[in-house]
Amino acid sequence: VQLQASGGGLVQAGGSLRLSCAASGRGFSRYEMGWFRQAPGKERVFVAGINWTGGSTLYADSVKDRFAISRDNAKNTVFLQMNSLKPEDTAVYYCVRGGRYYSTDPNEWDSWGQGTQVTVSS
């Protein structure tokens with residue numbers, strides 16, 4: 001499987017971005033999906049996860065009420081809508097597959113995309 005993330009970029013604090021992750025291969029709707037991020041010099045951390053139907057989600061406390069994860073199983077795509085962005089949201093964002101939507105341990109996800117850079121200026 002390949003996970004292709006897009007939508008990153010440079011935005012001012014308070015702005016919004018929408019990340020997309022297109023998955024190749026079959027069976028997308030059977031997998032739970034998530035997003036992690038990694039800031040320079042720091043470990044990868046969980047951002048959000050979504051179950052296979054889209055009916056259950058989990059967010060890191062740092063992004064709760066600002067970010068929203070969703071999926072379109074017909075298009076094999078998962079999204080991350082990011083609002084009220086802060087400079088501390090600056091990181092490379094990775095789309096992941098294969099874990100449980102509530103798995104915050106990166107080792108529990110077996111497929112990773114290439115990442116997309118998000119930079120938030122103050």
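This is a predicted model, so every value here is computed, not measured. We're numbering straight along the sequence, starting at 1.
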Trainee: Please tell me whether L3 and V92 are part of a single hydrophobic cluster in this structure, the criterion being side-chain heavy atoms less than 4.5 Å apart.
Mentor: no
Trainee: Give a yes or no on whether the backbone of Q2 and the side-chain of S24 come within a donor-acceptor separation of less than 3.5 Å.
Mentor: yes
Trainee: Counting only heavy atoms not in D110 (residues, nucleotides, ligands), do more than 12 fall under 6.0 Å from its CG?
Mentor: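 Yes, because the 6.0 Å sphere around CG of D110 holds more than 12 heavy atoms from other groups.
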Trainee: Between W35 and Y59, is there a shared hydrophobic cluster once you connect ILVMFWY residues whose side-chain heavy atoms come closer than 4.5 Å?
Mentor: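 Same hydrophobic cluster.
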Trainee: How close do T77 and S20 get, heavy atom to heavy atom, and via which atoms?
Mentor: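 Minimum heavy-atom separation between T77 and S20: CG2-CB, 4.3 Å.
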Trainee: Is there side-chain contact between F28 and N73, with at least one heavy-atom pair below 4.5 Å?
Mentor: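 The answer is yes; the side chains approach within 4.5 Å.
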Trainee: For S122, give me all partners under side chain to side chain donor-acceptor pair (under 3.5 Å), at least two apart in sequence or on another chain.
Mentor: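 Listed in chain order: nothing, the list is empty.
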Trainee: If every non-hydrogen atom of T90 is compared with every non-hydrogen atom of V120, which pair is closest and at what distance?
Mentor: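 Answer, listing the atom of T90 first, then V120: OG1-N, 2.9 Å.
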Trainee: Decide side-chain contact (heavy atoms from CB on, under 4.5 Å) for I50 and V78; before the verdict, give the C-alpha distance in whole Å, the side-chain angles of both, and the deciding distance to 0.1 Å.
Mentor: CA-CA 9 Å; I50 188 167; V78 63; 4.2 Å; yes
Trainee: Measure across G25 and N76 and return the closest heavy-atom pair with its distance rounded to 0.1 Å.
Mentor: O-ND2, 3.5 Å
Trainee: Between T119 (side chain) and L10 (backbone), is there a donor-acceptor pair under 3.5 Å?
Mentor: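 Pair absent, no side-chain N/O of T119 close to backbone of L10.
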Trainee: T104: which residues meet the side chain to side chain donor-acceptor pair (under 3.5 Å) condition with it, sequence neighbours left out?
Mentor: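 With neighbours one apart ignored, the set is empty.
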Trainee: What heavy-atom pair brings G8 and L19 nearest, and what distance separates the two atoms?
Mentor: N-CD2, 3.6 Å
Trainee: Which pairs, with at least one residue in residues 71-95 and sequence neighbours excluded, count as a ring pair (Phe, Tyr, Trp, His ring centres under 6.0 Å)?
Mentor: Y94-W112
Trainee: Drop me the distance from S56's OG to I69's CD1, to the nearest 0.5 angstrom.
Mentor: 11.5 Å
Trainee: Report the distance from atom OG of S62 to atom NZ of K64, rounding to the nearest 0.5 Å.
Mentor: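 Output value for this atom pair is 9.5 Å.
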Trainee: Of all the heavy-atom pairs spanning T116 and G7, show the shortest one and how long it is.
Mentor: OG1-N, 4.2 Å
Trainee: State, yes or no, whether a side-chain contact exists between M82 and V118 at a heavy-atom distance under 4.5 Å.
Mentor: yes
Trainee: Can you tell if the side chain of M33 reaches within under 4.5 Å of the side chain of R71, non-hydrogen atoms only?
Mentor: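 Contact flag for M33/R71 side chains = yes.
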Trainee: Check side chain to side chain contact (heavy atoms under 4.5 Å, CB included) between S84 and all other residues, then give those that pass, not counting sequence neighbours.
Mentor: R66
Trainee: Can you list the residues that meet the ring-ring contact (aromatic ring centres under 6.0 Å, His included) rule with W52, with sequence neighbours excluded?
Mentor: none
Trainee: Any side chain to side chain donor-acceptor pair (under 3.5 Å) pairs touching residues 3-14, not counting sequence neighbours?
Mentor: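 Qualifying pairs: none.
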Trainee: Do N51 and T57 pass the side-chain contact (heavy atoms from CB on, under 4.5 Å) test, and can you show the C-alpha distance, the side-chain angles, and the key distance before you say yes or no?
Mentor: CA-CA 6 Å; N51 78 334; T57 57; over 6 Å; no
Trainee: If the condition is ring-ring contact (aromatic ring centres under 6.0 Å, His included), which residues does F46 pass it with, not counting sequence neighbours?
Mentor: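 Residues passing ring-ring contact (aromatic ring centres under 6.0 Å, His included) with F46: F36.
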Trainee: Sequence neighbours excluded, which residues qualify as side chain to side chain donor-acceptor pair (under 3.5 Å) partners of D105?
Mentor: N107
Trainee: Taking distance alone, no hydrogens or angles, what donor-acceptor pairs closer than 3.5 Å link side-chain atoms of residues 95-103 to residues at least two apart or in another chain?
Mentor:
| from | atom 1 | to | atom 2 | distance (Å) |
| --- | --- | --- | --- | --- |
| R100 | NE | E32 | OE1 | 3.1 |
| R100 | NH1 | Y102 | OH | 3.2 |
| R100 | NH2 | E32 | OE2 | 3.3 |
| S103 | OG | R100 | N | 3.3 |
| S103 | OG | R100 | O | 3.1 |
| S103 | OG | E108 | OE1 | 3.0 |

Trainee: Of all the heavy-atom pairs spanning A48 and L80, show the shortest one and how long it is.
Mentor: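 Closest heavy-atom pair between A48 and L80: CB-CD1, 4.2 Å.
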Trainee: With sequence neighbours left out, what residues match K42 under salt bridge (charged side-chain N to carboxylate O under 4.0 Å, His left out)?
Mentor: none
Trainee: Once salt bridge (charged side-chain N to carboxylate O under 4.0 Å, His left out) is applied, do any residues pair with R37, and if so which ones, sequence neighbours excluded?
Mentor: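 R37: salt bridge (charged side-chain N to carboxylate O under 4.0 Å, His left out) contacts with D89.
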Trainee: Who are the side chain to side chain donor-acceptor pair (under 3.5 Å) partners of Q81, not counting sequence neighbours?
Mentor: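 If we apply the side chain to side chain donor-acceptor pair (under 3.5 Å) test to Q81, skipping adjacent residues, the hits are N83.
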